[in-house]
Amino acid sequence: PIYKTDEQVAEELLSAGSSVLPYFKYSENAVNSALAAADRISFGQGDSLRAEVISAMRRIYSHGIVSENPASVVEDGSGFSDGIIYIQRGKHARKHPASEVYAPSEARAALLKMLLASFPDVKMDSVLTSSGVYDILAPNLVYDRRTTEMVHSDASRDVSPTQGYVSAGTVVVREGELVTADIAQVLDSYKREYESFHGSDRPLYLS
């Protein structure tokens, strides 16, 4: 095996630990509870407004509302990776752009915008506030710290100390040839393997 240098291993460990993909669990109960609560509200505008509110809430929940900002849930200073999160729904977890999910305040703003498009003459913000719709628009994506930390730890452990192999009989360097950094790395790897089998006290001969 060709062993990576200490610097290469350190750099890969740093890279593996420098970005985190947060995991969020999708809560069907939160969605169903919010929609059921909306269905019980009396808006005083007939069923048309209620139906429109529920429809808009479904569209928002299809993207998801996070309980915490994905970029702020990482506490070890390692950072948030490329604006991507994992959403676990049942036994499946899929990557999802963090920009497409809503923070609670963004969800309320999106709901207001959708409903104003259908009811431009209604003082919609006041209606949603007084009816309690804003309050029932609860997050359905809950940060899963345990899974996030477990996957992040596994990624660091997956950093390999080697990068390929040299087959028996392969010429590593010829007499008089310039020893480059890559060749030196192969020679160091050979020395390391030799010493692991024969011990460091036995003379090393390269032919």
Side-chain angles (χ1 to χ4, degrees), residues 17-156:
S18 65
S19 60
V20 178
L21 290 176
Y23 276 69
F24 288 80
K25 287 183 177 179
Y26 186 99
S27 173
E28 295 282 0
N29 289 337
V31 175
N32 294 334
S33 177
L35 295 176
D39 193 44
R40 294 191 295 268
I41 293 176
S42 175
F43 292 96
Q45 300 278 341
D47 291 335
S48 59
L49 180 53
R50 179 186 295 106
E52 219 34 67
V53 167
I54 293 174
S55 176
M57 288 176 64
R58 287 186 186 279
R59 278 181 280 167
I60 290 170
Y61 276 127
S62 68
H63 291 276
I65 306 174
V66 292
S67 57
E68 300 178 67
N69 186 327
S72 69
V73 296
V74 181
E75 297 178 346
D76 60 3
S78 53
F80 176 47
S81 177
D82 302 325
I84 298 294
I85 64 173
Y86 270 100
I87 295 179
Q88 298 172 254
R89 198 165 182 173
K91 295 183 178 180
H92 302 283
R94 291 186 172 87
K95 285 184 178 180
H96 200 83
S99 59
E100 294 183 6
V101 301
Y102 295 99
S105 60
E106 294 170 336
R108 291 190 290 270
L111 179 66
L112 177 61
K113 183 177 179 180
M114 291 177 190
L115 294 174
L116 282 174
S118 300
F119 301 91
D121 298 327
V122 175
K123 294 181 179 179
M124 193 58 64
D125 189 44
S126 298
V127 171
L128 296 177
T129 300
S130 61
S131 63
V133 173
Y134 283 148
D135 296 327
I136 65 175
L137 195 63
N140 68 312
L141 299 180
V142 182
Y143 178 53
D144 186 346
R145 184 180 304 280
R146 180 179 179 183
T147 299
T148 299
E149 292 177 350
M150 180 181 67
V151 173
H152 182 49
S153 177
D154 288 345
S156 296

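Just so it is clear, the structure is predicted and the values come from calculations on it, not from any experiment.
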Item checked: Main-chain N/O of Ile65 paired to Asn140 side chain as donor or acceptor, under 3.5 Å -> yes
Next item on the list: Please list all pairs passing the ring-ring contact (aromatic ring centres under 6.0 Å, His included) test where one or both residues lie in residues 105-134, with sequence neighbours left out.
Entry: none
Check: Mind checking whether Arg89 and Glu28 have side chains closer than 4.5 Å, heavy atoms only?
Finding: yes
Check: What are the two closest heavy atoms between Val53 and Leu128, and how far apart are they?
Finding: CG2-CD2, 4.5 Å
Next item on the list: For Ile60 and Ala107, work out which heavy atoms get closest and say how close.
Entry: CD1-O, 3.5 Å
Item checked: Pairwise side-chain contact, Ile41 with Ile136, heavy-atom cut-off 4.5 Å (strictly under) -> yes
Notebook entry, point to check: Is there a donor-acceptor pair under 3.5 Å between the side chain of Thr129 and the backbone N or O of Asp125?
Noted result: yes
Next item on the list: Check whether any side-chain heavy atom of Tyr23 lies under 4.5 Å from a side-chain heavy atom of Lys25, and answer yes or no.
Entry: no
Note to self: Could you check whether any side-chain N or O of Ser62 sits under 3.5 Å from a backbone N or O of Arg59, counting only pairs where one atom can act as donor and the other as acceptor?
What the structure shows: yes
Next item on the list: Using a 4.5 Å cut-off on heavy atoms from C-beta on, say whether the side chain of His96 contacts that of Ile85.
Entry: yes
Checklist line | Between CZ on residue Arg108 and CG on residue Leu111, distance to nearest 0.5 Å | finding: 10.0 Å
Note to self: Please give me the minimum heavy-atom distance between Pro139 and Ala30, naming the atom from each residue.
What the structure shows: O-CB, 3.6 Å
Next item on the list: Can you establish whether the number of heavy atoms outside Arg58 located under 6.0 Å from its atom CZ is more than 12?
Entry: no
Checklist line | Stepwise side-chain contact (heavy atoms from CB on, under 4.5 Å) test for Tyr26 and Leu141 | finding: CA-CA 5 Å; Tyr26 186 99; Leu141 299 180; 3.6 Å; yes
Next item on the list: Apply side-chain contact (heavy atoms from CB on, under 4.5 Å) to Phe24 and Val101, showing your working.
Entry: CA-CA 11 Å; Phe24 288 80; Val101 301; over 6 Å; no
Check: Side chain of Arg50, backbone of Asp39: donor and acceptor closer than 3.5 Å?
Finding: yes
Next item on the list: Measure across Glu52 and Ser118 and return the closest heavy-atom pair with its distance rounded to 0.1 Å.
Entry: OE2-OG, 3.4 Å
Next item on the list: Check Ser131 against Val133 and note the closest heavy-atom contact, atom names and distance.
Entry: OG-CG2, 3.2 Å
Margin query: Quick one, Lys95 and Tyr86 - any side-chain contact, counting heavy atoms below 4.5 Å?
Written below: yes
Item checked: Atom pair CG (Asn32) and OH (Tyr61), whose distance is rounded to the nearest 0.5 Å -> 10.0 Å
Note to self: Let's go through Val127 and Leu115 carefully: what are the C-alpha distance in whole Å and the side-chain angles of both, what is the deciding distance for side-chain contact (heavy atoms from CB on, under 4.5 Å) to 0.1 Å, and is it a yes or a no?
What the structure shows: CA-CA 11 Å; Val127 171; Leu115 294 174; over 6 Å; no
Item checked: Over all atoms of both residues, closest heavy-atom pair of Ala56 and Met114 -> CB-SD, 3.7 Å
